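These numbers come from a predicted model, not from an experiment. One-based numbering, in listed order, for ligands and for the atoms of each.
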Amino acid sequence: MRLRPVVVTVFLAAAVAYFVYLPLPEKIQEPWKLMLLDAAFRATVGFAAIQDWLGFDHYIRSIRWSTERLEGMMKTMGDPRSDGEVSSGVKVSDITFAGVPVRLYEPPAGGEGHLRRGLMFLHGGGWALGSGKKGSYDATNRRVSDELNTVVVSVEYRLYPEVHFPEPYLDCLTAAKHFLSPEVLAKYSIDPERVGVAGDSAGGNLAAAVVQELATDANRTVKFSVQALIYPVLQTLDFSTPSFVQNQHMPILPRAYMVQFWLQYLNADFSLRPQLMVNNHSALDQSVITPELRARLDWTVLLPPKFKKDHKPLVVDKGSNGIVKQVPALLDVRAAPLLAEPEVLAKCPRTYILTCEHDVLRDDGLMYARRLQDAGVTVTNDHYEDGFHGCFSLSFWPVDFEVGKRVINGYLSWLHTNL
Ligand SMILES: *[C@@H]1O[C@H](CO)[C@@H](O)[C@H](O)[C@H]1NC(C)=O
Ligand SMILES: *[C@@H]1O[C@H](CO)[C@@H](O)[C@H](O)[C@H]1NC(C)=O
């Protein structure tokens, strides 16, 4: 029978197409690239879940392992742009800052009386994945160092499952204090008035939290002069903001993944996920969440009408008792910087917030921008109508999106003017 191979091939092709195909919003450019990336990501997560279930390895470590193999494969396929081209003359060294591993990028110019800019960078990956030494992060930090004559410090803070909150935050805070010390700034010829901090996603969360802590530290003479937050994660109490609802199935960060990352980071029981997804944890009968706290993330007040559309807030009257007591970190400003009081926000430096329309975290960023502005801080909000979560770290070969390149250029251009 010659028919059988044909049938099998057609069936397999249909199965693959079914797995890969995903209806995406019209504005998304290069949709097939994003579908393939998402399919690869879902396959990796599925494979990791099986390995975990069989008892071979923790699923997070399996995901890291697969990602590294994949990157290795891509590398052997050849990068059309050599590293040297991206990083002309930037000196890269892997060292520690007060015991925290960091990658340091020193630009060729400067030193000897020529003060340079400084920038601390905190990578994303849900406090569980990623490294500043990899792919787009490394390439972007080299570019910033080279093109903006900046000493960049990319922090390799510890991740889940090895540690939980507040450990990653404390690693970043320790590295930041070391970086901002007069001795270190002098050693690398950095202008103390021009030191910023930047981070994407979970890294944006850590950056915002560290900035708040340092801003209110009266004993500190040198502080960050700017913060650049790329689609930051900022709050734990409302997983039904318009952007969470609108993008709940959007790659590469569906709502369920974001809630899972939070539970992991806060060392909470994963069985709480369905309750968090329906805002049961922040029901009105939870008296520890005061009206004042609620107002700090009330999107019906904080979002412009353009983003509210006809969405309705999901406010539960009676929820599941005790979740906030069981997981007190849900209300800790060091985990959820959007919960900070206006007096703290008023002390924050000039801010850049990048938001993407097709991102569950869009409204976290938009609300923080509004609250910082209300507190008197100068804020630039670059909103990308065709942006999606993750595009900032998808800007270099082999996973390079056109919107990723635009986003990086916008980030560099803001730093150029403001840092
Ligand atoms: C600031 O320094 C004083 C005196 O050394 C100390 O008592 C105080 O606890 C410090 N404050 C902070 C926020 O570290
Ligand atoms: C949310 O809380 C209500 C009231 O306790 C409960 O009936 C419901 O099952 C909870 N929802 C989920 C998804 O756990």
Side-chain angles (χ1 to χ4, degrees), residues 22-23 38 41-42 45-46 48-50 52-53 58-60 63 126-128 160-161 164-165 201-202 205 233-303 307-333 335-339 358-367 389:
L22 188 79
D38 177 60
F41 197 50
R42 276 184 291 130
V45 171
I50 293 170
D52 193 301
W53 184 70
H58 192 282
Y59 60 92
I60 291 292
I63 295 174
W127 309 279
Y160 172 88
H164 305 101
F165 175 80
S201 195
N205 166 279
V233 192
L234 295 169
Q235 58 89 22
T236 50
L237 295 184
D238 188 354
F239 296 116
S240 277
T241 61
S243 63
F244 262 108
V245 173
Q246 175 189 304
N247 302 298
Q248 56 183 316
H249 301 301
M250 184 67 200
I252 52 179
L253 186 67
R255 172 162 69 166
Y257 280 22
M258 189 57 240
V259 174
Q260 175 73 16
F261 280 133
W262 268 121
L263 293 172
Q264 292 175 176
Y265 183 44
L266 302 182
N267 201 10
D269 198 316
F270 296 168
S271 66
L272 295 177
R273 186 161 81 174
Q275 314 223 36
L276 264 58
M277 301 259 292
V278 298
N279 281 353
N280 257 8
H281 62 305
S282 54
L284 289 173
D285 65 345
Q286 309 295 303
S287 54
V288 275
I289 312 174
T290 59
E292 204 182 0
L293 271 184
R294 288 180 197 280
R296 293 179 190 163
L297 53 113
D298 183 353
W299 62 259
T300 64
V301 174
L302 297 170
L303 286 187
F307 298 105
K308 285 197 271 196
K309 297 200 179 107
D310 48 5
H311 287 277
K312 296 273 171 295
L314 178 60
V315 186
V316 182
D317 284 332
K318 259 182 76 67
S320 332
N321 238 330
I323 296 181
V324 176
K325 281 215 181 77
Q326 194 185 325
V327 191
L330 285 166
L331 292 184
D332 195 320
V333 286
L338 188 58
L339 292 177
H358 306 289
D359 178 359
V360 288
L361 297 171
R362 179 196 73 190
D363 299 344
D364 280 31
L366 292 173
M367 287 193 279
H389 195 82

re atom 5 (O) of ligand 2, the protein heavy-atom contact at minimum distance is G319 O, 3.1 Å
Minimum heavy-atom separation for V316 and V278, please, with both atom names. CG2-O, 3.4 Å
Among non-hydrogen protein atoms, atom 6 (C) of ligand 2 lies closest to N280 ND2, 4.2 Å
Which atoms form the tightest heavy-atom contact between Y265 and H164, and what is the distance? O-CB, 3.5 Å
Hey, is NE2 on H249 packed in by over 12 heavy atoms from elsewhere, all under 6.0 Å? no
Closest approach of H281 to T236 (non-hydrogen atoms, all atoms of both residues): NE2-O, 2.8 Å
Does the protein put a heavy atom less than 4.0 Å from atom 2 (O) of ligand 2? yes
List every atom of ligand 2 that sits less than 4.0 Å from any heavy atom of K318, numbering the atoms from 1 in the order shown and giving each element. 4 (C)
For atom 14 (O) of ligand 2, which of H281, R273, Q275 has the closest heavy atom? Q275
Within the 4.0 Å heavy-atom cut-off, what M277 brings close to ligand 2 is neither
I need the minimum non-hydrogen distance between A335 and W262, along with the two atoms involved. O-CH2, 3.1 Å
